[in-house]
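Not measured: the values here are computed from a predicted model. Position 1 is the first residue of the sequence, and the numbers go up from there. Below, each value reflects all heavy atoms present in this structure, side chains not excepted, and no hydrogens, waters or symmetry copies.
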Amino acid sequence: MKYVKSNEIASQLQFGNVKSILSMYLYTTGSLFLGFSVYLLITVNDNNSSFTTWSGESLFWFLIVFFLSLFVLFLPVEFFNSTNLKNSTFKELLSNIISVISLSLIFLIVSQVLINTDSLIVNELKKIVRSVSFSGFISIPLCLFILQSFSSKIYFFNKHTYSLLFFVWIASSQLFL
């Protein structure tokens, strides 16, 4: 039996999918921000809204969150432009899981430490980022493992790994909200 040192394993891992995972994280966050902005638009004339006190404030926050979501959705399109996720070997699976957990941890720490405010809307945005990060900690590594297990048997999973993972990330983020 051959024993492999941990530094040899780390040197064998290939982190070529980090741009794809980062773009998927930003797509998920931007999509959830966009959904929250639509919710704010729907509650513009609602006097019982728990986030805002009057309709002008709801419209103001709708515009801010809407343009923030467009900016977040713009980043992966222009800077990363990577929508291909390879997850066929164990090395790729391990590097993808490490990348997802690391990026989720970085975004969770940055959003929770750097954004401090008393605004209910900004606190909801922090909760959205937190739910995307928790989904990246729990459900996305499991989904990556399941997709890697079945991708050799079912061609659909191998061909649409990025799309399926993106759908699971959005759906599981909704569960953590």
Side-chain angles (χ1 to χ4, degrees), residues 1-37 65 68-115 124-177:
M1 182 178 276
K2 182 180 176 183
Y3 293 103
V4 180
K5 294 180 183 178
S6 62
N7 59 356
E8 291 177 11
I9 293 174
S11 66
Q12 293 176 357
L13 291 178
Q14 300 168 350
F15 291 98
N17 291 327
V18 174
K19 286 176 27 175
S20 296
I21 292 170
L22 180 61
S23 66
M24 192 180 316
Y25 187 95
L26 292 174
Y27 280 139
T28 304
T29 306
S31 299
L32 293 177
F33 283 176
L34 188 62
F36 184 60
S37 70
V65 175
L68 177 67
S69 68
L70 289 181
F71 176 73
V72 171
L73 289 170
F74 169 78
L75 290 174
V77 171
E78 284 299 317
F79 295 116
F80 305 120
N81 199 16
S82 179
T83 59
N84 188 15
L85 187 68
K86 295 178 184 174
N87 194 33
S88 58
T89 65
F90 184 73
K91 290 178 189 177
E92 289 173 344
L93 172 68
L94 194 58
S95 64
N96 289 341
I97 289 174
I98 291 170
S99 299
V100 166
I101 291 174
S102 300
L103 286 173
S104 296
L105 183 65
I106 289 169
F107 278 107
L108 179 67
I109 290 172
V110 166
S111 69
Q112 299 302 309
V113 171
L114 294 182
I115 303 173
E124 288 299 314
L125 294 176
K126 279 175 59 172
K127 288 179 186 177
I128 290 173
V129 173
R130 188 181 324 148
S131 71
V132 173
S133 294
F134 284 154
S135 178
F137 289 140
I138 297 168
S139 61
I140 300 306
L142 290 173
C143 185
L144 279 168
F145 178 74
I146 291 169
L147 286 174
Q148 196 266 339
S149 298
F150 290 118
S151 67
S152 63
K153 297 174 181 87
I154 302 172
Y155 180 70
F156 179 78
F157 290 147
N158 194 16
K159 186 178 178 184
H160 300 287
T161 302
Y162 191 86
S163 303
L164 290 170
L165 198 64
F166 178 56
F167 176 75
V168 167
W169 206 328
I170 289 178
S172 61
S173 295
Q174 294 295 323
L175 293 175
F176 287 106
L177 279 175

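Residues satisfying the side-chain contact (heavy atoms from CB on, under 4.5 Å) criterion with L75, sequence neighbours excluded, are L26, F71, F79. For the side chain to side chain donor-acceptor pair (under 3.5 Å) test, residues two or more places apart in sequence or in another chain that qualify with S135 are S139, S172. L142 pairs by the side-chain contact (heavy atoms from CB on, under 4.5 Å) definition with nothing, not counting sequence neighbours. Residues passing the side-chain contact (heavy atoms from CB on, under 4.5 Å) test with V110, sequence neighbours excluded: I106, L114. Partners of Y162 according to the side chain to side chain donor-acceptor pair (under 3.5 Å) rule, which considers only residues two or more places apart in sequence or in another chain, are S23.
Residues F90 and L93 have side chains in contact (heavy-atom distance under 4.5 Å, counting atoms from C-beta outward). Taking the side chain as every heavy atom from C-beta outward, Y27 and V77 approach each other to under 4.5 Å. With a 4.5 Å cut-off on side-chain heavy atoms, P141 and F145 do not count as touching.
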key: CA sep, side-chain torsions, deciding dist, call: F134, L108, side chain to side chain contact (heavy atoms under 4.5 Å, CB included)   = CA-CA 8 Å; F134 284 154; L108 179 67; 4.0 Å; yes

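Results of the side-chain hydrogen bond (donor to acceptor under 3.5 Å, both in side chains) test with Y25 over S133, S99, S104 single out S133 as the only residue that passes. Only one option out of T29, L68, L32, I115 pairs with L125 in a side-chain contact (heavy atoms from CB on, under 4.5 Å); it is L68.
Heavy atoms only, all atoms of each residue included: L73 and S31 are closest at CD2-N, 3.9 Å. When all heavy atoms are compared, the tightest approach of F33 to I128 is CE2-CG2, 3.6 Å. What you find for S111 and V129 is that their closest heavy atoms are OG-CG1, 3.4 Å.
The CG atom of L144 sits 11.0 Å away from atom CG of L94, with the distance rounded to the nearest 0.5 Å. Distance check, rounded to the nearest 0.5 Å: CG of L70 to OG of S37 gives 8.0 Å. Separation of atoms CD1 (I101) and CD1 (I138) is listed at 10.0 Å; rounding is to 0.5 Å. Rounded to the nearest 0.5 Å, atoms CD1 (I140) and CG (N96) are 11.5 Å apart. Note: S102 OG to F137 CZ = 9.0 Å, rounded to the nearest 0.5 Å.
Sorted by first then second residue, the salt bridge (charged side-chain N to carboxylate O under 4.0 Å, His left out) pairs that include residues 124-152, not counting sequence neighbours, are E124-K127.
At distances below 3.5 Å, at least one donor-acceptor pair connects side-chain atoms of W169 with backbone N or O atoms of V132.
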